Structure formats: structure tokens, C-alpha cells
Amino acid sequence: MDGNLNALTTVFTEFYYWVTIVFMFLIHVGFCMYEVGASRRRNHMHTLMKNVMIIPLVTVTFFFFGWWIYWAFPNAFPGMGGIGYEAGAPYTPWSENMGTHLGDRITGVFWAAFLLFSWTAASIVSGSVIERIRSSALWLHAVMIGSVWWIIDAAWGWHWDGWMVKVLGYHDAYASGVIHAIAGGYALGVIMVLGPRLGKFAKDGTPRDIPPHNPWMLTIGIFLIYTGFWGFYAACNVPIISPEVIDGQIVGTTWTATNIYLSPTTLSAITFNFLMSLSGGLMAAYVVSKGDAFWTFSGGLAGIITASAGNDLYHPIQAMLVGAVGVVIVYKLHYWVERKFKLDDAVGAVAVHGYSGVVGLIIAGFMLWGAPSSPYDGYAAINPVGQIIGAVIMFGLLGFLPGWGLAKLQAMAGVLRIPPEVELQGLDYAEHHAYEDAKADIIEADKRRLAAQAADAK
Amino acid sequence: MSTIGYDSWAVDLAEVGPVYPFQGSEFILFLLGLAFWIGWHRIQYTRESAHLEEARKAGDPEKMRELVEKY
């Protein structure tokens with residue numbers, strides 16, 4: 001760091017990302033509360049453990065290969081230039097930069113910001129498969145979606161040098177597609193193979209509601225997710241950078257915040273749009289679901305996700321309307337798919353994340369048609385065709401197909417789903433038996449002691 | 001002699017890079033890390049399989065009824 005201004009900028013950027021990381025931890029806390037609230041009592045501990053262990057497993061694998069993929073894969077697509085070994089070299093797990101290094105104050109916090117996105121991608125999948133998947137199977141999926149597939153899509157479409165940005169004009173500033181569409185698509189692929197929970201569908205195929213055991217946990221969980229999502233928005237920006245450092249088309253000397261593509265935006269703009277799209281989603285979901293609490297709260301999240309692709313540029317009222325329209329489509333689509341294909345998405349993750357992400361990408365293609373996707377020369381402008389192709393890549397190619405493929409292999413090997421007997425008595429059967437036995441034992445001991453004291457008193 | 005390459009902070013920080021101990025062993029650390037991760041999956045998978053097999057046969061009908069009713 002030469003010069004005090006550079007030093008200050010670097011330390012500010014380091015601290016900025018660090019704060020967003022702490023905020024984003026709340027997403028995972030929220031997901032844990034949401035999943036446990038949605039599961040039945042006999043599965044609580046396993047549901048919680050399944051989600052908590054995503055943290056270490058995705059973390060270590062993101063250190064081992066996920067972060068390298070982000071930097072080496074922006075052009076790793078046929079005809080686009082291949083794997084960038086040189087660009088990826090500082091981010092291999094054996095690089096000096098991936099450690100305690102006084103000359104590099106950014107790699108650690110930037111890695112962690114992306115890592116928290118990885119946890120989110122894995123956790124979205126985790127919610128839809130509760131109460132019937134083997135933990136070992138889910139944890140393999142968590143590593144694949146969290147440290148391989150989503151970070152490939154980020155390299156392609158969420159990197160200043162990504163081929164999707166250059167060729168398609170792909171624009172997804174706050175990750176409608178690169179996190180939500182891919183995770184929703186992946187979850188859809190897994191639940192198609194996994195099958196519904198026992199009892200989810202009546203013999204005539206009518207879906208049964210499996211209500212959450214604790215709606216309050218769900219409510220607090222989703223509010224924590226909102227809070228963490230706000231931090232996520234800030235983490236998607238570069239907080240301060242000079243045109244000279246961007247080295248693109250921007251002229252003048254005005255320093256700015258940018259989105260992930262290094263195009264200018266402001267924290268103020270995205271704060272407007274985050275709150276307005278949240279509001280549009282909540283209001284539309286309340287109306288379309290006739291006041292159903294689960295859908296209204298999830299609708300807030302779906303509203304933000306739908307508007308996220310273009311929330312760096314939308315007007316706040318546009319963000320509100322985009323969020324509202326997205327929620328109506330997503331709600332209708334969820335129930336149509338459930339009835340038609342007999343799919344059990346336990347927390348509505350495919351709809352709230354997957355369908356919202358896809359719808360948001362497509363809307364952004366029309367709303368931002370012709371806007372620059374990048375500050376660099378020669379990049380395609382944002383356009384509907386590029387966004388639609390992008391949505392297919394995110395949801396289908398990198399989401400649905402890998403999820404379905406791995407789940408199919410696991411099913412063939414008999415290691416995907418828990419046995420039906422265990423599903424009925426619950427995954428926590430051993431803990432429950434031990435709990436009930438211990439409770440009965442201590443109550444009996446206390447009764448004996450009381451009886452002995454009473455006898456002594458006589 | 002110091003494991004981190006510095007035995008005093010009387011240095012120009014602009015010239016200081018990595019300060020973790022045993023620099024140069026990064027690739028070996030990576031291999032150890034990989035082994036730890038893959039070993040963990042192996043141990044967990046084996047234990048879970050045994051646990052599910054035991055649970056499948058452990059069904060006490062009375063206790064199962066109680067658990068099903070615990071929503």
C-alpha cells in the first residue's frame with residue numbers, strides 16, 4: 001500500500017467486506033430457524049445438524065477449490081479462451097495470498113464474502129429436501145452447489161471478465177440468477193429424484209399441507225434472512241474505486257462504488273430498491289395468497305430476488321412493481337408444478353429462489369434493454385435474449401442438470417433417501433428414545449427420594 | 001530463528017508478505033486438508049449408514065406412535 005489515501009481505501013474496503021460477512025451470517029441463522037420451524041418435532045436435531053454442517057464443509061472446499069474456480073473460469077466455456085491458470089494462480093489453496101499476508105488485505109475478506117454466498121446456495125437446496133434425505137447425500141450436494149456449480153456460474157456471469165457478460169450482455173447485479181435461480185434449479189433436480197415426504201400426497205394425488213410445527217420460528221427465521229440479505233447486497237458492491245483503477249470507459253476523476261461488473265452504482269440506490277422490492281413482494285404475496293403468513297413472508301424475499309438482477313439501476317417504484325409481478329407468477333407456478341408433477345418442495349425454495357430468479361433475469365432484460373453491461377469496450381449491451389439464455393444456463397444447465405444427475409447416481413447406489421421406517425419414526429428417534437428414557441429415570445429417582453424423605457419424617 | 005520468518009517487527013511493512021509459520025509447506029498443508037475433508041465424509045457416511053440400519057430395525061410400535069403424534 002503506497003500512499004495514505006491508498007492505504008485508507010484498502011483498509012476501508014477490507015473493513016467494509018468484513019462487516020457484510022458478519023451480516024450475511026444471519027442468512028444462515030435464518031435458514032436454520034426456518035428449516036427447524038418447518039420440520040416436525042421428530043426431525044429437529046437432524047434438520048438443524050444438516051444445515052449447520054454445510055458451514056464447515058462448504059468453507060473448506062471453497063478454500064480448496066471454489067475460490068480458484070472463480071478466478072480461473074471466467075472464460076472456461078467452449079470457444080471463449082479456456083481456463084485462466086495465470087489469473088487463478090494467486091487463489092490456489094497453496095498460494096501465499098490465501099493466508100496471513102501483510103501485503104494482501106483483501107483476498108481473505110473477498111473470499112469470505114463469496115463463501116457466504118456459497119453457504120446460501122447450499123442452504124437453499126437443504127430446505128427443500130428436509131425430513132427424508134440422508135445427511136451424507138445432502139452434504140455432497142452442498143459441496144457441489146456451494147463450491148463448484150454456483151461459483152462456475154459466478155465466474156461466467158458475475159465477474160467483470162465473464163464470458164456471459166461480454167458475449168450475452170448478461171446482467172445480474174444482486175444475483176437473481178447466479179445464486180437464486182441456480183440453487184432453485186438444483187433443488188428441483190434433487191427433489192424430482194428424491195420424491196415427496198411420506199403422506200404428502202393422498203392416494204388420488206391431492207397434495208396435503210404439512211404445516212410448520214412452529215410458525216414463529218419461521219417468521220423470525222425469514223426476518224433474519226431479510227437482514228442478512230441486506231448485507232449481501234452491500235457485499236455485492238465494490239465500495240470505492242477510482243476510474244483509473246477500473247481502467248475502462250469511465251472518464252473524469254470521480255471515485256464511485258460499483259457493482260460486481262465494475263459499473264457504477266451507489267449504496268443509496270440499492271437501499272431504495274431493496275426496501276421497495278421487499279415491499280412490493282410482501283404486498284403482492286399478501287393479496288395473491290389471501291393473507292397466508294408463510295407465503296406473505298416468503299413473498300417479501302421473492303420480491304427482492306425478482307428485482308435483484310436490475311436493482312442497481314431500477315427506479316424504486318420499478319423495483320416495487322417488478323417484485324410484485326414476480327411474486328404473483330411464482331406463487332401460481334409453485335402450485336401448478338406441485339399438482340402437475342407431484343413434487344414436494346418442503347419450504348417453497350424452488351419457487352421463492354428458482355422461479356423468482358428466472359423471472360427476475362428475464363424482466364431485467366426488457367427493463368434494461370440497451371444499457372451497458374460493463375464499463376469496458378466491446379461488451380454486449382443488456383438485452384432480453386442474453387438474459388433468457390442466461391436464465392436457462394443458471395437454472396437449467398448449472399442448476400437443475402447437476403442436481404438431478406448427482407441425485408440420480410445417489411438413488412441408484414441407494415444412498416439418497418432414508419428408509420421409510422426411519423422417516424415415520426423420525427430421524428431423531430435415538431435422541432428421543434434417550435431423552436424419554438433419561439426423563440423417566442430421573443423422575444423415578446426423584447419420586448423415590450421424596451418417598452424416602454417422607455418415610456424419615458415419620 | 002523464527003518459524004514465521006521474522007524474529008522482530010523492526011521492518012518496513014511495505015516489504016512484508018506472508019507471516020504464517022513454516023512458509024513453503026503450503027502444498028503439504030493442502031494435501032493434509034484434503035485428507036481431513038475426505039476422511040470426514042468417509043467416517044460420517046459409515047456411521048450414518050449404521051445408524052439408519054439400526055433405526056430401521058429399532059421400531060418399538062408404542063414409541064413410534066408417540067413420536068408420530070409429536071408434531
Side-chain angles (χ1 to χ4, degrees), chain A residues 1-3 7 39-44 46 49 53 56-57 59-61 63-65 92-104 134-140 143 147 198-199 210-214 414-415 417-430 432-433 436-437, chain B residues 2-71:
Chain A
M1 291 188 292
D2 25 53
S39 68
R40 285 162 287 185
R41 203 173 292 273
R42 57 184 188 266
N43 293 313
H44 278 177
H46 272 76
M49 189 64 82
M53 290 308 291
L57 292 169
T59 299
V60 299
T61 50
F63 187 93
F64 294 154
F65 44 78
T92 55
W94 51 85
S95 157
E96 287 181 348
N97 297 70
M98 294 293 283
T100 314
H101 190 299
L102 297 190
D104 180 354
R134 287 171 67 127
S135 297
S136 51
L138 183 274
W139 288 331
L140 200 51
V143 168
S147 292
L198 295 177
I210 302 180
H213 97 276
N214 188 335
V415 296
R417 187 163 178 146
I418 59 173
E421 302 91 329
V422 180
E423 191 175 336
L424 268 177
Q425 64 183 318
L427 280 158
D428 291 349
Y429 93 100
H432 276 300
H433 284 202
E436 293 298 335
D437 290 349
Chain B
S2 160
T3 57
I4 69 165
Y6 298 92
D7 48 20
S8 147
W9 288 120
V11 293
D12 178 352
L13 289 178
E15 289 168 11
V16 179
V19 290
Y20 47 80
F22 309 115
Q23 290 152 34
S25 65
E26 292 86 352
F27 195 77
I28 294 167
L29 287 172
F30 165 63
L31 294 178
L32 284 174
L34 270 188
F36 178 63
W37 165 54
I38 292 168
W40 186 91
H41 278 288
R42 176 74 196 150
I43 292 168
Q44 188 278 330
Y45 170 76
T46 308
R47 285 189 185 163
E48 184 183 40
S49 299
H51 179 83
L52 288 174
E53 191 53 28
E54 190 190 331
R56 205 169 63 79
K57 296 173 184 160
D60 172 345
E62 188 52 40
K63 283 183 177 174
M64 276 178 74
R65 254 194 303 279
E66 283 173 23
L67 287 169
V68 167
E69 284 175 15
K70 266 187 183 168
Y71 197 83

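Chain A is the first sequence line, chain B the second, and so forth, proteins listed ahead of strands; every chain is numbered from 1. For the numbers below, each heavy atom of this structure counts, side chains included, while hydrogens, waters and symmetry mates do not. Bear in mind the structure is a predicted one, so any value in this text is a computation, not a measurement.
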**Prompt:** Which atoms of Pro420(A) come close to chain B, meaning under 4.5 Å heavy atom to heavy atom: side chain ones, backbone ones, both, or neither?
**Reply:** neither
**Message:** So which residue, Thr92(A), Val60(A), Asn214(A), Thr61(A), ends up with the most heavy-atom pairs under 4.5 Å with chain B?
**Reply:** Thr61(A)
**Message:** Can you confirm whether Pro419(A) sits close enough to Glu53(B) that some side-chain heavy atom of one is under 4.5 Å from a side-chain heavy atom of the other?
**Reply:** no
**Message:** So, using side chain to side chain donor-acceptor pair (under 3.5 Å) as the criterion, who are the partners of Ser135(A) when residues are at least two apart?
**Reply:** none
**Message:** Distance check, rounded to the nearest 0.5 Å: Arg134(A) atom CZ versus His51(B) atom NE2?
**Reply:** 10.5 Å
**Complete:** Whatever's closer than 4.5 Å to a heavy atom in chain B on Met98(A) counts as neither
**Asked** Under 3.5 Å, is there a donor-acceptor pair between the side chain of Gln425(A) and the main chain of Ala55(B)?
**Response** yes
**Message:** Quick check on the structure: residues of residues 37-45 of chain B within a heavy-atom distance below 4.5 Å of chain A, by number.
**Reply:** Trp37(B), Trp40(B), His41(B), Gln44(B), Tyr45(B)
**Item:** Flag side-chain contact, heavy atom, 4.5 Å: His101(A) against Tyr20(B)
**Value:** no
**Asked** Taking atom CZ of Arg417(A) and atom CG of Leu52(B), what is their separation to the nearest 0.5 Å?
**Response** 12.5 Å
**Item:** Side chain / backbone / both / neither for Ser39(A) at chain B, heavy atoms under 4.5 Å
**Value:** neither
**Request:** Measure distances from Leu34(B) to the heavy atoms of chain A and classify the residue's part below 4.5 Å as side chain, backbone, both or neither.
**Result:** both
**Message:** For Ser25(B), which atoms come within 4.5 Å of any heavy atom of chain A: side chain, backbone, both, or neither?
**Reply:** neither
**Complete:** Given Glu48(B), Gln23(B), Glu15(B), Glu26(B), the one with more heavy-atom pairs under 4.5 angstrom with chain A than any other is Glu48(B)
**Fill in**
Most heavy-atom pairs under 4.5 Å with chain A, out of Leu13(B), Ile28(B), Val16(B), Ile4(B), belong to Val16(B)
**Complete:** Honestly, the part of Leu29(B) sitting under 4.5 Å from a heavy atom of chain A is neither
